[in-house]
There are 2 protein chains.
Amino acid sequence: MASPATRAVRSDGIRSREAILRAAASFASMHGLEELSLGELAAEVGISKSGLYAHFGSKEDLQLATIATATAIFEEVVLVPARRVPPGRDGLVALSDAFCEHIRDRVFPGGCFFDTVAADLVAHPGPVRDAVTDFLRGWRALIREHIRVAAERGELAPGEDLEQLEFDLIAYLSLAHALFRIDGDERVIDRAERAVRQRLGVSLDTAPGTPKRRVAVRRH
Amino acid sequence: MASPATRAVRSDGIRSREAILRAAASFASMHGLEELSLGELAAEVGISKSGLYAHFGSKEDLQLATIATATAIFEEVVLVPARRVPPGRDGLVALSDAFCEHIRDRVFPGGCFFDTVAADLVAHPGPVRDAVTDFLRGWRALIREHIRVAAERGELAPGEDLEQLEFDLIAYLSLAHALFRIDGDERVIDRAERAVRQRLGVSLDTAPGTPKRRVAVRRH
DNA sequence: CCTACCGATCGGTAGG
DNA sequence: CCTACCGATCGGTAGG
C-alpha cells in the first residue's frame, strides 16, 4: 500500500486507457464511431471485452472519450503548428497545409477522423453526434475567422463573398479527405492545397509567410 | 396454370422486389449499405426476414441489386435531364444543377446515395465496394468529358488546369451533399450551384442555355 | 483487470 | 412467401 505501488498501478491504468483510446481513434477514423465494436477493440489492445468496462462505463462513454483524444491529437498536429502563422490569408494557407499534411502523414489511418465519424453518425442522433458536429462547427468557425481578418486587411479580392469563400475552402479540404480515403492517391491532397492557394489568389510556388515546415510524423 | 395467372404471380413478385429495392436504396442513402440490416428492411416492407431470401440469395446480392436500382434512379433524375443541354460549359452547369436539385428534392433521403455508401464501404473491400467506386469513377469521367469539350470550344479561361477544375467542381458538389446531410440546410446547395458557376465564369443569375427547369419531384 | 453469463440481433438455412 | 431454427456477435452485467 506504499505510495509508489499505488502510483505504478494508477500509471498502468492511465497508460492502458490511453492505449485503448489511441486504438479507438485509429479504428474510428477508418470505420466510424458507430461501427466501433467493443469486442474487436478489446482484442486489438489485448484485453478482455469486459476489461474495457473497467475504463469506460458504456460504449457511449468510450465514444466520447475517443472524440476527446482525437481532438487533442488534431489540436497538436494541425492547429498548433498552423498558429505559427498569423491570422488572415497566410493563416488560411497555413491551416490548409497543416490539415493536408496530417492527412498525408496518416496521423489517423482513415484520413480526417472527424469527417469520417460525422458521416457515420448522421443517422444516429445523441451526445456523441453532438460532440462531433460541435468540433466541425468550431473548425468552420476558425476558417471563417481567418477569412474575416483577411477581408479586414484587404487581402481578398474586392467584393469577395465571404460565405462563398468559406464554402469553397472547406469543399477542397473535405474532398482531399474523401478521395484520399477511397483511392489512397496523394495527388488529390496536392490538388486541395493548390485549390486553396488559387482560390485565395496566393502564388502556387511558396506561400509568403508560410515556411515549408515538415511536421514530425507521429503515428497515433 | 393459365398464362394470365402465371403472369399475375410473377408481376407481384416483381412489384415486391422493386418495393424492397426502393426501400433499401432509401435506407442505404441514410445509413450506408453495410449498416443495411435484412431484419430491419424486411420489417419495413412488411415481410419476414427470410422472405427477403426468396428474392435475394444473400446480403451481397441485395446490396448489388440496390446499387443497380440507385443507378437507374440517378440516371433518370440527374443524367437524363442534364443531357438536354449539350456538353461543354453549359452542360457542366446543367449537370451540377440537376445533381443539386436531386439532393434538394430528397430523391434519396440521405442526399447522394453514392457518396453515402462509398464512405460506408471504404473499409469493406469486395464486389459491392467495387460497384460503387465504378459508379463514382463514371460520374467523375462524365464531368471530365464535359470539361474536355469546354476546353476544346474555348469556353474556359486560357491556361486553365483541367484536372484542377475537375477537382474543384467535384468538391463543391460533394460538400453540398455532406453539409445538407448534416445540417439539412438548403443554402449549402445554393452555395454549390453558385460555386460551380463562379468557377466556370458563368453568370450567377441564369446560365445561358440552361433553362431553369423544375424536374418533377419524385420520391423513391 | 478476469470468467461467465444475459437478451437481442446479426446473416443465413431447413423445410415447407 | 412462411415458421423455426443455427452459430456468431453485439453491448452490457454479475461477481470476483
Side-chain angles (χ1 to χ4, degrees), chain A residues 1 5-24 27-28 31-67 117 120-121 123-129, chain B residues 5-24 27-28 30-67 117 120-121 123-129:
Chain A
M1 329 296 174
T6 306
R7 207 182 292 134
V9 168
R10 190 182 294 155
S11 170
D12 278 3
I14 290 170
R15 240 197 301 276
S16 168
R17 190 188 149 93
E18 279 170 3
I20 293 167
L21 288 174
R22 271 183 280 117
F27 186 95
H31 304 81
L33 275 168
E34 210 54 42
E35 205 173 330
L36 212 187
S37 143
L38 299 188
E40 243 178 291
L41 179 60
E44 200 173 301
V45 297
I47 63 174
S48 74
K49 197 178 65 171
S50 67
L52 282 181
Y53 283 92
H55 295 280
F56 310 96
S58 66
K59 183 176 181 179
E60 188 176 298
D61 271 14
L62 171 65
Q63 290 171 317
L64 291 171
T66 303
I67 292 168
V117 303
D120 185 47
L121 289 167
H124 297 92
V128 177
R129 192 184 72 171
Chain B
T6 307
R7 208 182 291 136
V9 168
R10 190 183 292 155
S11 168
D12 278 4
I14 289 170
R15 241 197 301 277
S16 167
R17 189 186 149 94
E18 278 169 3
I20 294 167
L21 288 174
R22 271 183 277 118
F27 186 96
M30 293 290 299
H31 303 82
L33 275 168
E34 210 53 43
E35 205 173 331
L36 213 188
S37 141
L38 298 189
E40 244 177 289
L41 179 60
E44 202 174 299
V45 297
I47 62 173
S48 74
K49 197 178 64 172
S50 67
L52 283 182
Y53 284 92
H55 295 279
F56 310 96
S58 67
K59 183 175 182 181
E60 189 175 299
D61 271 13
L62 172 64
Q63 290 170 317
L64 291 171
T66 302
I67 292 168
V117 303
D120 184 47
L121 289 167
H124 297 92
V128 178
R129 191 183 73 171

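Protein chains get the first letters and strands the later ones, always in sequence-line order, with residue 1 at the start of each.
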Student: Could you give the NZ-to-P distance, from K59(A) to dG12(D), as a whole number of Å?
Tutor: 8 Å
Student: Of all residues at least two apart in sequence or in a different chain, which pass the side chain to side chain donor-acceptor pair (under 3.5 Å) check with E34(A)?
Tutor: none
Student: In whole Å, what is the span from the CG atom of D61(A) to the P atom of dG11(D)?
Tutor: 14 Å
Student: Over all heavy atoms of both residues, which pair between L33(A) and L36(A) is shortest? Give the atoms and the distance, please.
Tutor: O-CB, 3.3 Å
Student: For a quick test of reading the model, state the closest non-hydrogen atom pair linking S16(A) to H55(A) and the distance between them.
Tutor: OG-NE2, 3.5 Å
Student: Would you mind reading off the distance between L38(A) atom CG and dG11(D) atom P, rounded to a whole angstrom?
Tutor: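 Rounded to the whole Å, the gap is 4 Å.
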Student: Which atoms form the tightest heavy-atom contact between V128(B) and Q63(B), and what is the distance?
Tutor: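 Closest approach of V128(B) to Q63(B): CG2-OE1, 3.3 Å.
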Student: Return the set of residues passing side-chain contact (heavy atoms from CB on, under 4.5 Å) with A23(B) (not counting sequence neighbours), or none when no residue passes.
Tutor: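 side-chain contact (heavy atoms from CB on, under 4.5 Å) check on A23(B) returns L41(B), E44(B), V45(B).
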Student: In whole Å, I'd like the distance from the CD atom of Q63(B) to the C1' atom of dG12(C).
Tutor: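 Interatomic distance, CD of Q63(B) to C1' of dG12(C): 14 Å.
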Student: Give, for atom CG of D120(B) and atom CE of M30(B), the distance between the pair rounded to the nearest 0.5 Å.
Tutor: 13.0 Å
Student: Grab the two heavy atoms, one from G32(B) and one from V117(B), that are nearest each other, plus how far apart they are.
Tutor: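 Closest heavy-atom pair between G32(B) and V117(B): CA-CG1, 4.1 Å.
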Student: Rounded to the nearest angstrom, tell me the gap between atom CD in E40(A) and atom P in dC10(C).
Tutor: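 So the two atoms are 17 Å apart, to the nearest Å.
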Student: What residues, two or more places apart in sequence or in another chain, satisfy side-chain contact (heavy atoms from CB on, under 4.5 Å) together with E40(A)?
Tutor: F27(A), S37(A)
Student: Determine which bases of DNA chain C form Watson-Crick or G-U wobble pairs with both distances under 3.5 Å, and write the result as a 5' to 3' dot-bracket string with | for other-strand partners.
Tutor: ||||||||||||||||
Student: Specify the separation, in whole Å, of atom OH of Y53(B) and atom P of dT13(C).
Tutor: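 Spelled out: OH on Y53(B) to P on dT13(C) is 7 Å.
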Student: Give the residues of residues 41-52 of chain B touching DNA chain C, defined as any heavy atom closer than 4.0 Å, sorted by residue number.
Tutor: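 Heavy-atom cutoff 4.0 Å gives K49(B), S50(B).
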Student: Got a sec, which residues hit side-chain contact (heavy atoms from CB on, under 4.5 Å) with F56(B), two or more places apart in sequence or on another chain?
Tutor: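 Only R17(B), I20(B), L21(B), D61(B), L62(B), A65(B) meet the side-chain contact (heavy atoms from CB on, under 4.5 Å) criterion with F56(B).
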Student: Can you check the L62(B) CG to dC10(C) P distance for me, whole Å?
Tutor: 14 Å
Student: How long is the line joining CD of E35(B) and P of dT9(D), in whole Å?
Tutor: 19 Å
